[in-house]
There are 2 protein chains.
Amino acid sequence: MPAVSDCIEMLDSETKAVETPEDHAEELRLWLRLLTCTTLIEGEVRGRLRQRFDVTLPRFDLMAQLDKAPDGMTLSDVSKRMMVSNGNVTGLVERLVESGHLDRRTSETDRRVQVIRLTKLGRAEFRRMASEHETWIADLFADLTPKDVRELMRLLAKTKASAQKSAARRRP
Amino acid sequence: MPAVSDCIEMLDSETKAVETPEDHAEELRLWLRLLTCTTLIEGEVRGRLRQRFDVTLPRFDLMAQLDKAPDGMTLSDVSKRMMVSNGNVTGLVERLVESGHLDRRTSETDRRVQVIRLTKLGRAEFRRMASEHETWIADLFADLTPKDVRELMRLLAKTKASAQKSAARRRP
DNA sequence: GGGAAACATTTTAGGCTTAAAACAATTCGG
DNA sequence: CCGAATTGTTTTAAGCCTAAAATGTTTCCC
């Protein structure tokens, strides 16, 4: 179907003579589909977390980061890992400390740094939520074969690398 | 590498005797990678829209929906398409009407319904932004071959269908 | 040592987002 | 025709999120 336009494109890129505005409709569609998938799944997970555990997705995500770091993390670490702004983490942590899920203390070696950890309560609650969360994810992806999953992992790794490279090009 | 656990799993599912908590770590990793890709690209697009055009991503997204609907859309339509809540759209539209990009009027046949359209200004600005936006997306996905793109499209379509089915199972 | 640069965090101002309740208009079934 | 459901939108309350500026601390290096 796109044979004709492919030929034209090839001619352009071979001759390097004509500066045709290139067609990137496919990439655009891919991006929209990627976004749709993520939004769909995210919304589903958000709703289930709220209904089952009365917890928000950002809180859950933050606790997930801390569960992987028994010795705690600094706010900057969390901010980088979650790919959200610093200010965002400040508020999120504030509320989780308030509710007794997090412990926050100033580093003894560097008084700029705040180290946060899950409290006993926080860890217990997170583990309970995480195990159920894992089954939700499995169910959401249930129609994918193991091969599909592997292939998606591979292509998304490639996508991530490509996007990071592009981002670095702009912000060296 | 996972040969042993695979065997155990197979035994379980064959004998149907032991109720082992199944391992869904692969799907979980897939979900996290999907989320990372989307967050990465979304952040990049958000930043470029702000820097180049001083516009927010949600505003751009809303205008993109309307650009595809010359006869306008109702707020509900927009809300479904953008997969955001109704109340969200109300505020977004308010600000875009205020800035002269949107026109909003009550339907003549059903006075519950608000129909919104791009104004001339709104359409012109959107087109200008959209053409640049398309080159950003192309650049972000630049390392993917056409075959990669096709394959990703296929797998994400399958993912979307799977997730929708799962969501429908919960909310019949 | 002392200032400049770098770093970690918080604050600020504004916008986005959601779920749920409230309100308004239409449609449906008897 | 009329009350009950349904549908479309707005409001409300709370939380999330960002970019940029401000604050406090450390490091670098002359």
Side-chain angles (χ1 to χ4, degrees), chain A residues 35 38-40 42-63 72-99 101-102 104-116 171, chain B residues 35 38-40 42-63 72-99 101-102 104-116 171:
Chain A
L35 190 55
T38 300
T39 306
L40 186 59
E42 203 170 44
E44 198 59 25
V45 171
R46 184 194 311 282
R48 298 192 199 202
L49 280 174
R50 188 181 41 72
Q51 285 202 342
R52 281 283 291 135
F53 302 112
D54 193 32
V55 76
T56 67
L57 185 50
R59 276 164 156 95
F60 178 82
D61 286 343
L62 175 41
M63 292 171 83
M73 299 174 78
T74 69
L75 295 199
S76 289
D77 288 345
V78 172
S79 158
K80 283 189 198 79
R81 288 296 192 87
M82 293 182 72
M83 302 197 277
V84 300
S85 66
N86 286 337
N88 189 356
V89 175
T90 297
L92 218 38
V93 167
E94 222 159 57
R95 289 182 287 271
L96 278 165
V97 168
E98 170 66 27
S99 64
H101 294 86
L102 258 57
R104 176 227 301 252
R105 64 188 59 170
T106 303
S107 161
E108 304 199 351
T109 62
D110 185 341
R111 281 185 317 188
R112 287 172 300 183
V113 174
Q114 301 286 316
V115 178
I116 54 176
R171 236 185 310 91
Chain B
L35 189 54
T38 300
T39 306
L40 186 60
E42 202 171 44
E44 200 58 26
V45 171
R46 183 195 313 282
R48 297 191 199 204
L49 281 173
R50 187 182 41 73
Q51 285 202 342
R52 283 283 292 133
F53 302 113
D54 194 32
V55 76
T56 66
L57 184 51
R59 276 164 155 95
F60 178 82
D61 286 344
L62 175 42
M63 291 171 83
M73 297 174 79
T74 70
L75 294 199
S76 289
D77 287 346
V78 172
S79 159
K80 282 189 196 80
R81 288 295 192 91
M82 292 181 74
M83 300 196 279
V84 300
S85 66
N86 287 336
N88 190 355
V89 174
T90 298
L92 217 38
V93 165
E94 223 159 56
R95 289 183 286 270
L96 279 166
V97 168
E98 172 66 26
S99 65
H101 294 86
L102 258 57
R104 175 228 297 253
R105 64 187 58 169
T106 302
S107 161
E108 305 197 350
T109 60
D110 184 340
R111 281 182 316 184
R112 287 171 303 181
V113 173
Q114 301 286 315
V115 178
I116 54 176
R171 239 184 305 87

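So you know, we letter chains A, B, ... as the sequences are listed, proteins then strands, and number each from 1.
- Between the CZ atom of A/Arg81 and the P atom of C/dA8 there is a distance of 15 Å, rounded to whole Å.
- Atom CG in A/Leu49 sits about 19 Å away from atom P in C/dT17, given to the nearest Å.
- Residues A/Arg95 and A/Thr109 both approach DNA chain D. Their nearest nucleotides, taken by heavy-atom distance, put A/Arg95 toward the 5′ side.
- Here the P atom of nucleotide C/dG15 and the CG atom of B/Leu62 are 16 Å apart, to the nearest Å.
- As a whole-Å value, the separation of B/Met83 CE from C/dC16 C1' is 16 Å.
- Not counting sequence neighbours, the partners of B/Arg48 by the side chain to side chain donor-acceptor pair (under 3.5 Å) test are A/Ser166, B/Glu44.
- Between the P atom of D/dC16 and the CZ atom of A/Phe60 lies a distance of 15 Å, rounded to the nearest Å.
- Backbone-only contact: A/Leu92 has heavy atoms under 4.0 Å from sugar-phosphate atoms and none from a base.
- Among the candidates B/Val93, B/Leu57, B/Asn88, the single residue satisfying the side chain to side chain contact (heavy atoms under 4.5 Å, CB included) test with B/Leu62 is B/Val93.
- Here C/dA20 presents its P atom at 8 Å from CD of A/Gln51, a figure rounded to the nearest Å.
- Interatomic distance, A/Glu108 CD to A/Thr106 OG1, rounded to the nearest 0.5 Å: 9.5 Å.
- Rounded to the nearest 0.5 Å, atoms CG (B/Asp77) and CE (B/Met82) are 13.0 Å apart.
- Within the model, atoms OG1 of B/Thr56 and CG of B/Leu49 stand 8.5 Å from one another, a figure rounded to the nearest 0.5 Å.
- Distance A/Met73 CE to C/dA8 P: 13 Å, rounded to the nearest Å.
- For the 3.5 Å distance criterion, the side chains of B/Ser76 and B/Thr74 fail to qualify, holding no donor opposite an acceptor.
- Across all strands, B/Thr56 comes closer than 4.0 Å only to sugar-phosphate atoms, never to a base (heavy-atom distances).
- The distance from atom CD of B/Glu108 to atom P of C/dA25 is 16 Å, rounded to the nearest whole Å.
- Note that CD of A/Gln114 and CZ of A/Arg105 are 11.0 Å apart. Values are rounded to the nearest 0.5 Å.
- Here the side chain of B/Ser85 is nearest to one of C/dG15, D/dC17, C/dT18, namely C/dT18.
- Picking from C/dT26, D/dC16, C/dC16 the nucleotide with the shortest atom distance to the side chain of A/Arg59 gives D/dC16.
- Counting any heavy atom pair closer than 4.0 Å across all strands shown, A/Ser79 reaches no nucleic acid atom.
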Scan nucleotides 5-14 of chain D nucleotide by nucleotide, 5' to 3', and note B when protein non-hydrogen atoms come under 4.0 Å of the base, S if they reach only the sugar-phosphate, - if neither. --BSBBB---
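- Regarding contacts with the backbone of D/dA20, a side-chain N or O of B/Arg50 is found under 4.0 angstrom from either OP1 or OP2.
- For the OP1/OP2 pair of C/dA24 and a distance below 4.0 Å, the side-chain nitrogens and oxygens of B/Arg111 include no atom meeting the criterion.
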